[in-house]
Amino acid sequence: MQAVRVHPAPPKATPYSPSNPAPSTALHLDSDIPIPKPSQPEELLVRVKATSIVRDMLAWPETFAHEYAIPGNDVSGIVTQVFSPDSKFKPGDEIFGMADADRGATWAEYTIMKESEVTLKPTTLSFVQAAAVPLSAQTAYEALFDHAGLSRPAVQDVKARLGARGQEPEQKQQRVLITGAAGAVGAYLVQLAAAVAGVEVVAATSSNARNGEFLRTLGADETVEYGMLEQYQGAFDIIIDVVGGEVLEKCWSYVTDTGVLVSVDSASYNFVSEHEKRGLCKTGVRALFFIVKGSTEGLAYLAELVDIGAIRSFLVDTYPLAKVREAYDLANGRYVGRGKFILSV
């Protein structure tokens with residue numbers, strides 16, 4: 001099979017690592033790689049149809065766990081082989097999901113997935129559209145429902161709420177601030193908080209002119225630029241931060257004294273202890289950073305939400321595996337568009 005692999009640094013050069021990330025020129029489309037086979041219970045062989053590119057993937061520690069690693073986590077494709085006949089899936093099933101960060105390996109024609117990492121693909125999405133969903137949407141799902149403590153409504157209740165749009169507005173009990181709201185994760189946070197959880201959503205970005213209308217179509221009640229947030233002192237029950245840095249620091253003054261502050265910005269993994277040293281924290285606020293785990297339950301819920309029109313998939317462009325370097329450079333630069341860059345296999 002063909003697969004994109006990260007080749008080692010040239011001889012005498014500093015080895016690639018999280019502190020010395022591999023450049024896109026380290027990505028090579030290699031051929032004649034053996035097709036993997038399911039070797040343990042719950043493993044599936046998947047014919048990959050599409051996979052996504054995530055910014056800074058070539059700086060992740062997992063990328064350098066072993067030489068010639070095959071990157072990639074998001075996947076949509078077709079089950080071609082199962083380990084045991086009592087599997088929840090069968091050959092021919094169209095699935096989507098997210099491989100664990102420690103394994104990855106979806107930038108290939110075939111990959112091994114675990115049953116706990118995938119579910120049936122939403123019927124309303126193509127393979128390319130489906131590949132843009134799992135990592136970003138599950139990060140948003142876990143931030144809101146697992147960590148921030150919002151109640152997860154039944155899909156039928158969400159469907160009823162969607163059908164009631166335009167009628168007398170419902171009374172919203174909680175107010176949520178989302179920073180980086182127009183990004184890949186932020187767009188799902190806005191949709192899940194507004195259309196699904198039914199809370200009041202204030203969506204913050206660097207530019208209202210560029211992002212305001214888009215965020216309102218996703219359900220945001222208000223859209224603001226970061227410099228406008230000073231008016232919201234102690235105003236939010238929940239804040240989900242995606243950008244870190246100074247924006248995250250200031251969030252302590254925007255959250256209520258007994259609220260929740262969650263960050264998914266990878267550079268902010270130790271923000272609670274660092275902010276505590278600097279006297280920024282509020283003692284009654286529950287604050288945390290987390291890394292998405294993924295689950296069949298959450299993924300299946302998201303698939304149902306997609307199929308009833310509660311959340312949408314966003315992608316910028318699609319590239320073949322042979323153009324992975326170009327696609328990766330674009331995904332890591334400044335580009336016009338919303339969503340993910342997808343590799344179509």
Side-chain angles (χ1 to χ4, degrees), residues 1-6 27-54 57 60 62-63 65-138 292-304 306-307 313 315 318-322 324 340 342-345:
M1 71 171 184
Q2 290 188 317
V4 174
R5 299 195 297 182
V6 182
L27 297 171
H28 293 258
L29 181 59
D30 295 334
S31 302
D32 300 325
I33 298 173
I35 296 175
K37 295 183 180 298
S39 60
Q40 299 181 41
E42 299 192 2
E43 285 190 344
L44 312 168
L45 177 63
V46 175
R47 174 64 174 94
V48 179
K49 301 294 287 184
T51 180
S52 78
I53 294 175
V54 179
M57 290 180 76
W60 292 3
E62 296 82 5
T63 304
H66 59 86
E67 288 192 336
Y68 297 99
I70 300 172
N73 300 88
D74 282 334
V75 67
S76 64
I78 301 171
V79 175
T80 62
Q81 186 180 347
V82 299
F83 180 80
S84 57
D86 60 350
S87 170
K88 295 186 294 184
F89 299 92
K90 64 183 184 301
D93 282 346
E94 298 182 352
I95 57 86
F96 82 137
M98 182 188 75
D100 185 89
D102 290 337
R103 287 186 303 108
T106 63
W107 290 8
E109 291 182 310
Y110 291 88
T111 193
I112 295 293
M113 299 294 291
K114 295 181 179 179
E115 292 183 7
S116 59
E117 297 170 335
V118 302
T119 193
L120 295 177
K121 179 179 73 67
T123 59
T124 56
L125 296 185
S126 67
F127 285 111
V128 167
Q129 292 170 323
V133 174
L135 192 154
S136 294
Q138 288 193 104
V292 61
K293 292 182 178 179
S295 68
T296 300
E297 179 188 6
L299 194 61
Y301 182 74
L302 291 165
E304 288 189 81
V306 169
D307 280 339
S313 166
L315 57 98
T318 307
Y319 289 81
L321 286 180
V324 64
K340 293 281 192 69
I342 302 297
L343 297 175
S344 182
V345 184

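The first residue of the sequence shown is numbered 1, and numbering continues consecutively from there.
- Of the possible polar contacts, none joining the Thr111 side chain to the Val46 backbone as a donor-acceptor pair under 3.5 Å is found.
- Not a single donor-acceptor pair under 3.5 Å links the side chain of Asp307 to the backbone N or O of Glu304.
- Atom-to-atom distance recorded for Ile70:CD1 and Asp30:CG is 8.5 Å, nearest 0.5 angstrom.
- Considering only heavy atoms from C-beta on, Val324 stays 4.5 Å or farther from Leu29 through its side chain.
- Judged by distance alone, with hydrogens and angles left aside, the side-chain atoms of Ser313 form a donor-acceptor pair with the main-chain N or O of Gln129 at under 3.5 Å.
- Note that CD1 of Ile342 and OH of Tyr319 are 12.0 Å apart. Values are rounded to the nearest 0.5 Å.
- Trp60 has its side chain within reach of Asn73: a pair of non-hydrogen atoms, C-beta onward, lies under 4.5 Å apart.
- The closest donor-acceptor contact from the side chain of Glu109 to the backbone of Gln2 lies under 3.5 Å.
- Smallest separation of non-hydrogen atoms from Pro71 and Val6: CG-CG2, 3.7 Å.
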* Mind running side chain to side chain contact (heavy atoms under 4.5 Å, CB included) on Thr119 and Ile95 for me, showing each step along the way? => CA-CA 5 Å; Thr119 193; Ile95 57 86; over 6 Å; no
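- A donor-acceptor pair is defined here as one N or O able to donate and one able to accept, closer than 3.5 Å; no such pair exists between the side chain of Thr51 and the backbone of Ala108.
- Here the CZ-NE2 distance, from Arg5 to His28, works out to 10.0 Å after rounding to the nearest 0.5 Å.
- For the atom pair Lys121 NZ and Asp93 CG, the distance stands at 11.5 Å (nearest 0.5 Å).
- Residues Phe89 and Val118 are in side-chain contact: their nearest non-hydrogen atoms beyond the backbone lie under 4.5 Å apart.
- Between Met1 and Pro36, the closest side-chain pair of non-hydrogen atoms falls below 4.5 Å.
- Here the closest non-hydrogen pair linking Ala130 and Phe96 is O-CD1, 3.5 Å.
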Hey, can you pull the donor-acceptor pairs under 3.5 Å for the side chains in residues 75-83, sequence neighbours left out?
residue: Ser76; atom: OG; partner: Phe127; partner atom: O; Å: 2.6
residue: Thr80; atom: OG1; partner: Leu45; partner atom: O; Å: 3.2

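- Here the CD1 atom belonging to Ile53 is positioned 4.0 Å from the CG atom belonging to Leu343, to the nearest 0.5 angstrom.
- Between Arg47 and Val345, the closest side-chain pair of non-hydrogen atoms falls below 4.5 Å.
- To the nearest 0.5 Å, the span separating CG on Leu135 from NZ on Lys340 amounts to 5.5 Å.
- Met98 and Pro134 make their closest contact through CB-CB, 4.0 Å (heavy atoms, listed as atom of the first residue, atom of the second, distance).
- Residue Lys88 places its NZ atom among more than 12 non-hydrogen atoms of other residues, nucleotides or ligands, all under 6.0 Å distant.
- Ion pairing of Lys114 with Asp100 is absent here, as no side-chain N (NZ or NE/NH1/NH2) approaches a carboxylate O to less than 4.0 Å.
- A donor-acceptor pair under 3.5 Å links the side-chain atoms of Trp107 to the main chain of Ser52, judged by distance alone.
- Between Leu299 and Gly97, the closest heavy-atom pair is CD2-CA, 3.5 Å.
- Glu42 and Ser116 share no donor-acceptor pair across their side chains, judged by distance under 3.5 Å alone.
- In this structure, Gln138 contributes its side chain and Ser295 its backbone to a donor-acceptor pair below 3.5 Å.
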